[in-house]
There are 2 protein chains.
Amino acid sequence: MPPRTRRTEGLSRERIVEAAVELLDTAGEAGLTFRTLTERLATGAGAIYWHVANKDELLTTATDAVVAEALPAASAGSPEEEIRAVALGLFDAIEQHPWLATQLLMQLTRNPGGPVAPRIFEAIGRQIGALGVPEHSWFTATSVLVHYILGTAGQTATAEVSTTREAFLDTVARSWENLDPEAYPFTRGVAKQLRNHDDREQFLAGIDLVLAGVTTRHSS
Amino acid sequence: MPPRTRRTEGLSRERIVEAAVELLDTAGEAGLTFRTLTERLATGAGAIYWHVANKDELLTTATDAVVAEALPAASAGSPEEEIRAVALGLFDAIEQHPWLATQLLMQLTRNPGGPVAPRIFEAIGRQIGALGVPEHSWFTATSVLVHYILGTAGQTATAEVSTTREAFLDTVARSWENLDPEAYPFTRGVAKQLRNHDDREQFLAGIDLVLAGVTTRHSS
DNA sequence: ACCTGAACACCGTTCAAGT
DNA sequence: ACCTGAACACCGTTCAAGT
């Protein structure tokens, strides 16, 4: 076994993923292409393909890396507290990396066999078990929570990197307020709730609402 | 006002959307391109752009058309029954149009100002109101339900049109069962629940779980 | 083993030109 | 008003060739 040659410079999977995350953060999903990536890494397309199978794998790996960092390390308090910590960890990560929401939704629905889905499922699901939920409801209860967290946090994330969150939500709320009153009375009515539904408090209230359902159900 | 010239043939927005849905159903998301579309409609690219602004608008319109057809027309029974009817309507539509799940998730998170999000929000939200949920929880409660429905139905939809649903879920379950026992005890454990979680019964059990949370919360 | 970069087969979109 | 279809500026991916 020859000693591994030392390389201060040189490409690596890690460096590529790191650059991909930076590009996604800076320029959004459309900003990550093999051209921008090769330019930033000062290399050729083939070099990247040596370390990474294709763009899908690159996106999966980038998403997984960000999620791994976002999830809280050790369990501290009660199951409820832990679930809130996981939820807020993902919420904050999505705020910092707006592309993450779409990517996570895609991973869950289209690539549940990949590394990302189990990571999130495990973080939430363990606490569901600790909560005393009967085993036959574990999958459903965990699914509900995970989809609420990602969906809600995703609605919060600004669509365009350039717009601020407030401006984005305001635009949506305004368009809801302009809907036909006959056909859309409910949606018009909750438009103002949308305006600040991304408050962490509001977000956590939703978590508690789900937890109420999860814990009530099996005591009857 | 000159009388509208009659045209038995000729392009129209409706014909384009119809062809787009057919292509999506037949060949999946990757199968819908302006080339395949112009070929099927025996026309040029410019002709399509005369009726539709761009591909995003085409996808939004196609999604909206399918959703409008999938939602039950008139409210018959109790709010709970109506919510189940809406959920099953979307569930079945996603089963028939596997591309729909991803598209709906995208519409909700990236284009909530478009026509699709209000349509779904309204169908669920009205019943939330009828359920006696206090107004300040309307948005949150509706969000939880909508995201559960789409997320779960989406996990059910096969990723590839060619694979059957059973084979897809089996593959995912198998990969979950092969996870590291130390790091993923929970996910490994629920793998077998994943195998048939797409049962309509299981799906409706999740709805009831959320409804339990929604209706419990404000009675305390 | 690792990297280069031209080439390939595709995209969505535009636009001068037709009818 | 509506349609044609070539052209444009981009993609992700491959692969012979280098070191």
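All values below come from the heavy atoms of this structure, side chains included, with hydrogens, waters and symmetry mates left out. Quick note on labels: first sequence line is chain A, next is B, and so on, each numbered from 1.
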Check ion pair [X]-[Y] (N to O, under 4.0 angstrom):
X	Y	value
Glu177(A)	Arg195(A)	yes
Arg110(B)	Glu29(A)	yes
Arg126(A)	Glu122(A)	yes

Using a cut-off of strictly less than 4.0 Å, decide whether Trp50(A) has a side-chain nitrogen or oxygen near OP1 or OP2 of dC2(C).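 Yes, such a contact exists.
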
Are any of His51(A)'s side-chain N or O atoms less than 4.0 Å away from OP1 or OP2 of dC3(C)?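 Looking at the OP1 and OP2 atoms of dC3(C), one of them is under 4.0 Å from a side-chain N or O of His51(A).
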
Could you tell me whether Leu32(B) contacts a base, only the sugar-phosphate backbone, or nothing, with contacts defined as non-hydrogen atoms closer than 4.0 Å?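 Touches sugar-phosphate only.
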
Is the ring centre of Phe121(B) less than 6.0 Å from the ring centre of Tyr184(A)?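 No: the rings miss the under 6.0 Å criterion.
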
Atom pair distance, as rounded to whole Å: [atom1] in [X] and [atom2] in [N]:
X	N	atom1	atom2	answer
Tyr49(B)	dC8(D)	OH	C1'	13 Å
Ile16(B)	dT13(C)	CD1	C1'	15 Å
Glu39(A)	dC3(C)	CD	P	19 Å
Lys55(B)	dC11(D)	NZ	P	16 Å
Leu37(A)	dC3(C)	CG	P	13 Å
Glu29(A)	dG12(D)	CD	P	12 Å
Leu11(B)	dC2(D)	CG	P	11 Å
Leu23(A)	dG12(D)	CG	P	12 Å

Pick the closest DNA chain D nucleotide for Ala45(B) and for Asp56(A) by heavy atoms, then say which residue is nearer the 5' end.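 With Ala45(B) and Asp56(A) compared, the 5'-side residue is Ala45(B).
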
More 5' along DNA chain C: Arg35(A) or Ile48(A), using each one's nearest nucleotide?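 Result: Ile48(A).
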
For dA7(D), what is the paired nucleotide under Watson-Crick or G-U wobble rules, both distances under 3.5 Å?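 Pairing partner: dT13(C).
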
